[in-house]
There are 2 protein chains.
Amino acid sequence: MDTKPETKLEKNTYHHGDLRSSLVDAASNMLKEGGIDGLSLRKLADKVGVSRTAPYHHFKDKNELLCAIAEGGFSRWQQDATAIFNQHDLSPREKYRQFIQGYIAYAADNPELYDLMFGRTIWKQNTATQSLRDVAYPSFHQQVTMTRQWQQQGLMPAGEDTLRLAQVTWGTIHGIARLLIDGIYADRSHIDEMCDCAVNLFCSEH
Amino acid sequence: MDTKPETKLEKNTYHHGDLRSSLVDAASNMLKEGGIDGLSLRKLADKVGVSRTAPYHHFKDKNELLCAIAEGGFSRWQQDATAIFNQHDLSPREKYRQFIQGYIAYAADNPELYDLMFGRTIWKQNTATQSLRDVAYPSFHQQVTMTRQWQQQGLMPAGEDTLRLAQVTWGTIHGIARLLIDGIYADRSHIDEMCDCAVNLFCSEH
DNA sequence: CCAGCTATCTTGACAGCGTCAACATAAACT
DNA sequence: AGTTTATGTTGACGCTGTCAAGATAGCTGG
């Protein structure tokens with residue numbers, strides 16, 4: 001035999017030692033390649049070098065694995081987002097522009113991951129893990145919090161109900177992201193112009 | 001045997017007679033029930049009363065069947081849309097409000113169909129049938145045409161590039177529709193308020 | 001130090017899926 | 001009437017997710 005995949009610290013033991021995170025890592029790559037449907041638990045197990053059913057000792061089913069992947073996606077996006085928000089010396093309007101540009105860029109760079117994070121596979125079926133919820137819900141809620149702030153800064157119309165405004169503005173960037181990653185708008189080259197257009201519509205005159 | 005599904009005009013012949021449209025009909029229902037993944041060609045054939053592979057004489061593969069279903073979805077939406085546009089005695093603003101409300105209502109009433117029509121299954125994989133393209137592309141393009149008209153009517157900002165504006169406004173209603181049918185915004189009860197909010201953002205003062 | 005418990009990994013099996021190949025039937029055309 | 005063509009059938013293959021049962025190894029208590 002001896003055909004096990006070698007890593008630096010390969011122990012080649014019966015027990016893998018760190019299978020769970022290895023699975024999430026490899027699965028994230030597989031997701032990137034072939035999307036949710038292209039992510040096969042059997043191929044995944046094969047890639048990591050364990051038997052078909054080994055993953056089932058770390059994830060109840062495919063859904064739980066997907067939730068784990070999505071969780072990582074939310075964490076990384078949260079980092080990107082706070083990096084944008086923490087920038088100084090930027091007008092609120094410019095900061096908002098960068099935010100939605102960064103949002104769509106994240107989606108465009110990780111289309112399959114975005115589809116997993118904000119797609120129906122997890123949310124429509126209502127199969128989100130608790131730990132995924134713990135990461136995702138704050139991310140959803142942040143959109144409302146930020147919207148309130150933007151209203152207070154005079155960037156967005158104060159007259160509108162904050163929740164509705166957040167839903168519409170997030171809906172917009174989500175919709176643009178989806179049109180992009182779903183292949184309806186093929187070219188990324190116009191993203192910037194679209195973001196500018198959205199900012200013009202949503203934000204009061206500079 | 002005699003277990004064939006009976007219809008009024010049941011001929012019980014070897015040849016079905018109208019299998020193709022029967023398949024599309026039954027498949028549309030199945031889609032409504034279980035979504036794209038829940039639509040199984042084998043169950044479908046069983047439901048219609050033919051053998052597993054009979055559908056393959058009418059559709060090259062599952063994708064072609066899906067395209068045929070989507071085609072019907074576009075036709076029906078086109079009817080709804082023109083009905084809205086043909087209304088008289090309505091201000092442009094009110095007409096636009098009814099349009100986006102109707103759009104989202106159509107999506108909410110036919111979530112799985114909408115997912116098929118505007119989802120990645122068909123467009124990302126670039127597997128749309130020619131006849132589907134012939135129905136879908138005009139529908140996409142209409143959004144631009146209407147946007148230009150709305151700009152000329154003074155409803156939407158004339159300064160913005162028409163194509164970008166169309167992309168952003170369509171992106172918005174598409175995004176809201178998706179958030180709704182993907183189970184991220186669970187309740188339909190706030191649709192009207194969201195539409196009002198969107199109209200306020202996009203359209204100049206009445 | 002060793003017995004036993006538990007976590008982990010294995011092979012075997014099953015039902016469901018889309019789809020190809022080969023064959024059967026009926027209708028349509030020459 | 002005879003042949004082609006359209007449409008239906010059964011059989012088979014490889015893929016999928018997942019359950020059940022058995023094997024191994026590491027941990028924990030006596």
Side-chain angles (χ1 to χ4, degrees), chain A residues 1-5 7 9-24 26-27 30-31 33-69 112 116 121-122 125 127 129, chain B residues 1-5 7 9-24 26-27 30-31 33-69 112 116 121-122 125 127 129:
Chain A
M1 353 197 111
D2 213 35
T3 56
K4 266 201 167 181
T7 67
L9 303 172
E10 178 61 40
K11 294 184 291 185
N12 211 23
T13 56
Y14 183 85
H15 285 66
H16 181 283
D18 196 20
L19 183 54
R20 195 195 140 97
S21 58
S22 298
L23 285 171
V24 176
M30 265 182 98
L31 178 80
E33 299 295 317
I36 297 176
D37 284 338
L39 172 56
S40 151
L41 286 193
R42 302 174 89 111
K43 283 183 193 158
L44 171 64
D46 206 51
K47 198 178 208 174
V48 174
V50 293
S51 73
R52 292 159 272 144
T53 57
Y56 284 87
H57 290 270
H58 300 270
F59 303 97
K60 194 175 114 296
D61 51 21
K62 184 174 179 178
N63 174 70
E64 277 203 358
L65 173 63
L66 291 175
C67 287
I69 302 173
E112 306 295 346
L116 180 64
T121 306
I122 288 179
Q125 264 67 35
T127 54
T129 305
Chain B
M1 331 213 128
D2 212 35
T3 55
K4 266 201 166 179
T7 68
L9 304 171
E10 180 61 39
K11 293 183 294 185
N12 212 23
T13 56
Y14 183 84
H15 283 67
H16 181 283
D18 195 21
L19 184 54
R20 195 195 139 96
S21 59
S22 298
L23 285 171
V24 177
M30 265 181 98
L31 178 81
E33 298 296 317
I36 298 176
D37 284 338
L39 172 56
S40 152
L41 286 193
R42 303 173 90 111
K43 282 185 196 158
L44 171 64
D46 205 52
K47 199 178 209 173
V48 174
V50 293
S51 72
R52 291 160 273 142
T53 58
Y56 284 87
H57 289 270
H58 300 270
F59 303 98
K60 196 175 113 296
D61 50 20
K62 183 174 179 177
N63 174 72
E64 278 204 355
L65 173 63
L66 291 176
C67 286
I69 301 173
E112 306 295 346
L116 179 64
T121 306
I122 288 179
Q125 263 68 36
T127 53
T129 305

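Numbers restart at 1 for each chain; the letters A, B, ... are given by sequence-line order, proteins then strands. Side chains are part of it too, since the values below use all heavy atoms of this structure and drop only hydrogens, waters and symmetry mates. Model, not experiment: these values are computed from the prediction.
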State whether [X] places a side-chain N or O below 4.0 Å from either non-bridging phosphate oxygen (OP1 or OP2) of [N].
| X | N | answer |
| --- | --- | --- |
| B:H58 | D:dG8 | yes |
| A:T53 | D:dT18 | no |
| B:K62 | C:dC17 | no |

**Request:** Determine, step by step, whether A:L41 and A:D61 satisfy the side chain to side chain contact (heavy atoms under 4.5 Å, CB included) criterion, reporting the C-alpha distance in whole Å, the side-chain angles of both residues, the deciding distance to 0.1 Å, and the verdict.
**Result:** CA-CA 9 Å; A:L41 286 193; A:D61 51 21; over 6 Å; no

What contact category does [X] fall into here, base, sugar-phosphate, or nothing, at under 4.0 angstrom with non-hydrogen atoms?
| X | result |
| --- | --- |
| A:L39 | sugar-phosphate |
| A:K43 | sugar-phosphate |
| B:S40 | sugar-phosphate |

**Asked** Does any N or O in the side chain of A:T53 come within less than 3.5 Å of the main-chain N or O of A:Y56, such that one atom is a donor and the other an acceptor?
**Response**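 No.
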
**Item:** Inter-residue atom distance A:M30.CE - A:L23.CG, 0.5 Å rounding
**Value:**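 Spacing of CE (A:M30) from CG (A:L23) equals 11.0 Å.
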
To the nearest Å, how far apart are [X] [atom1] and [N] [atom2]?
| X | N | atom1 | atom2 | answer |
| --- | --- | --- | --- | --- |
| A:D18 | C:dC9 | CG | P | 10 Å |
| B:L41 | C:dC17 | CG | P | 9 Å |
| A:Y56 | C:dT10 | OH | C1' | 15 Å |

**Request:** Would you kindly check whether a donor in the side chain of B:R52 faces an acceptor in the base of D:dG8, or vice versa, at under 3.5 angstrom?
**Result:**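 Result: no qualifying N/O pair found.
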
**Prompt:** Would you say the side chain of A:R42 and the base of D:dT18 hold a donor-acceptor pair, judged only by whether the two atoms sit under 3.5 Å apart?
**Reply:**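 Answer yes: a donor N or O sits under 3.5 Å from an acceptor.
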
**Result of checking A:T121, A:T129, A:T127 against A:N63 for side chain to side chain donor-acceptor pair (under 3.5 Å)** =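 Testing A:N63 for a side chain to side chain donor-acceptor pair (under 3.5 Å) against A:T121, A:T129, A:T127 leaves exactly one candidate, A:T127.
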
**Listed nucleotide nearest any side-chain atom of B:H57, set C:dT19, D:dT18, D:dT7** =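 Of C:dT19, D:dT18, D:dT7, D:dT7 is nearest to the side chain of B:H57.
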
